[in-house]
Amino acid sequence: MSEYTGITDYYDLLMTQGYYDYEGMAIAVNSFIKDGHKKILELGVGTGLLAEKLKALAPEAEFTGVDITSSMLDIARKRLGEWGELIEADVYIMDLQETFDIAVSSGGVWVINQRGDRTDLGNHTNEIPQDIKGLTNVAKHLCQEGLLLLSIQGEHKNYQKNLPTGIVYSQEIEKIGENDEIESIEKSYFFKKDGEILAQQTLNLNYIKQWKKEEIMEQAGFSFVSIHESQKFHVYRKK
């Protein structure tokens, strides 16, 4: 997994300006909690923005958030207070010694990238065996018939947005490779003010093509259930 250490100080400023619809995602997750799925594991909890919305909707939920970036978790702990448990760990190899009703990935680890009429699996590693290992590990942390929710996002594109306090965010995308199974891109994040770079980070991201995504999910022990009515998540069930 990738660490977002380079942009931690400005991450929330961007994410709270509409980059993600945390309220909508939390409402979708809460619909499953209402059905009795109380134990929630968030994969890549970041600074706790989704968890904060979920806390307001379902304070009774038993929440655990995992992330590899300690500086993000520091912010999440302040945001969530005593609610939930936050753990610094790599989702691909974590061993939490318990199982959950639902695992949620809302952008930090795996996502569903909607690319025209194709839905690819977005991730941070171009090593497909590692993803199978990671998703299999997630399955081990789910109870029988447990659910995995993967958020739906659009395709990565060049983008610029004015943020409060005069800061300008931009992202630049460069394709760096492609084969039959996977397409790789380099994504550069920039936060600037008056033309000066305040923070930047470059990460390699990937689209695992739809046909391969379905094969990987099957190998990892998941079956596709549906697209949630909110259009926020693809829902998978542990087999």
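Sequence positions, counted from 1, serve as the residue numbers for this chain. These numbers come from a predicted model, not from an experiment.
Side-chain atoms of M25 and S151, non-hydrogen and from C-beta on, do get closer than 4.5 Å to each other. Looking at heavy atoms from C-beta onward, S188 lies out of side-chain contact with Q200 at the 4.5 angstrom threshold. Within the 4.5 Å cutoff, side-chain heavy atoms of Y207 are placed close to those of I185. Between I128 and E215 the shortest side-chain heavy-atom distance does not fall below 4.5 Å. Looking at heavy atoms from C-beta onward, L96 lies in side-chain contact with L41 at the 4.5 angstrom threshold.
With no hydrogens or angles considered, a side-chain donor-acceptor pair links Y20 and Q153 at under 3.5 Å. In this structure, a donor-acceptor pair under 3.5 Å is present between the side chains of Y92 and D131.
The pair D12-R79 counts as a salt bridge, with a side-chain nitrogen and a carboxylate oxygen less than 4.0 angstrom apart. Classification of R77 and E82 as a salt-bridged pair fails, no side-chain N sitting under 4.0 Å from a carboxylate O. Ion pairing between K175 and E186 fails under the 4.0 Å rule for side-chain N and carboxylate O.
Linking Ile, Leu, Val, Met, Phe, Trp and Tyr residues whenever their side-chain heavy atoms come within less than 4.5 Å leaves F190 and M15 in two separate clusters. By the rule that hydrophobic residues join a cluster once side-chain heavy atoms approach within less than 4.5 Å of another member, L150 and V66 end up as members of one cluster. Note on I27 and I40: separate hydrophobic clusters, where clusters join Ile, Leu, Val, Met, Phe, Trp and Tyr whose side-chain heavy atoms are under 4.5 Å apart, directly or indirectly. Note on W83: it clusters hydrophobically with L86, by side-chain heavy-atom contacts below 4.5 Å among ILVMFWY residues.
Put simply, the side chain of E214 never gets that close to the backbone of I216: no donor and acceptor are under 3.5 Å apart. Of the possible donor and acceptor atoms, one in the side chain of W211 sits under 3.5 Å from a partner among the backbone N and O of D180. A donor-acceptor pair is defined here as one N or O able to donate and one able to accept, closer than 3.5 Å; such a pair exists between the side chain of N137 and the backbone of V91. Using modelled atom types, no side-chain atom of H234 and backbone atom of I152 make a donor-acceptor pair closer than 3.5 Å. The closest donor-acceptor contact from the side chain of N206 to the backbone of I208 lies at 3.5 Å or more, if one exists at all. With hydrogens and angles disregarded, no donor-acceptor distance shorter than 3.5 Å links the side chain of Q171 to the backbone of Y159. Using a distance-only test at 3.5 Å, with no hydrogens or angles considered, no donor-acceptor pair links the side chain of K53 to the main chain of G48. Although no hydrogens or angles enter the test, the distance criterion places a donor-acceptor pair under 3.5 Å between the side chain of S230 and the main chain of K232. Proximity of a side-chain donor or acceptor of N113 to a complementary backbone N or O of E155 within less than 3.5 Å is not detected. Although no hydrogens or angles enter the test, the distance criterion places no donor-acceptor pair under 3.5 Å between the side chain of N30 and the main chain of I33.
Nearest approach of V45 to D67, heavy atoms of both residues: N-OD2, 3.3 Å. Across all their heavy atoms, A199 and Y10 have their closest contact at CB-CD1, 3.6 Å. Counting all heavy atoms, side chain and backbone alike, T136 lies closest to Q219 at OG1-O, 4.3 Å. Taking each heavy atom of K38 and D101 in turn, the nearest pair found is N-OD2, 2.9 Å. Contact between L135 and A220 at its shortest, heavy atoms only, is CB-CB, 3.5 Å. The shortest non-hydrogen separation linking L142 to I102 is CD2-C, 3.8 Å.
Checked against F233 for a side-chain contact (heavy atoms from CB on, under 4.5 Å), the options I227, I112, V104, L147 give a single hit: V104.
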What do the steps show when you test S223 against M217 for side-chain contact (heavy atoms from CB on, under 4.5 Å), and what is the final call? CA-CA 7 Å; S223 58; M217 298 305 293; over 6 Å; no
Starting from the C-alpha separation in whole Å, work towards a yes-or-no answer on salt bridge (charged side-chain N to carboxylate O under 4.0 Å, His left out) for K239 and E145. CA-CA 6 Å; K239 292 188 295 182; E145 301 290 303; over 6 Å; no
Given side-chain contact (heavy atoms from CB on, under 4.5 Å), test F191 with L14 step by step and report yes or no. CA-CA 9 Å; F191 292 86; L14 170 64; 4.0 Å; yes
Could you please spell out the steps behind the ring pair (Phe, Tyr, Trp, His ring centres under 6.0 Å) verdict for W110 and F222? CA-CA 14 Å; W110 296 283; F222 290 102; 9.0 Å; no
Dump the intermediate steps for salt bridge (charged side-chain N to carboxylate O under 4.0 Å, His left out) on E98 and K39, then the final yes or no. CA-CA 10 Å; E98 62 177 315; K39 290 190 68 177; 2.8 Å; yes
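In this structure, Y236 and F224 have perpendicular ring planes: the angle between them is above 60°, well past the 30° mark.
The number of heavy-atom neighbours closer than 6.0 Å to CD of E196, taken from other residues, nucleotides and ligands shown, is 12 or below.
Here K212 contributes atom NZ and I182 contributes atom CD1; the two are 10.0 Å apart, rounded to the nearest 0.5 Å. Going from atom OG1 of T165 over to atom NZ of K193 covers 5.0 Å, rounded to the nearest 0.5 Å. Atom NZ in K78 sits 12.0 Å away from atom OG1 in T47 (nearest 0.5 Å). Taking CG from L203 and OH from Y189, the interatomic distance works out to 5.0 Å, rounded to the nearest 0.5 Å. With values rounded to the nearest 0.5 angstrom, L80 atom CG is found 6.5 Å from F63 atom CZ. Taken from NZ in K209 to CG in N179, the straight-line distance is 6.5 Å, to the nearest 0.5 Å.
F100 has its ring centre no less than 6.0 Å from the ring centre of H37.
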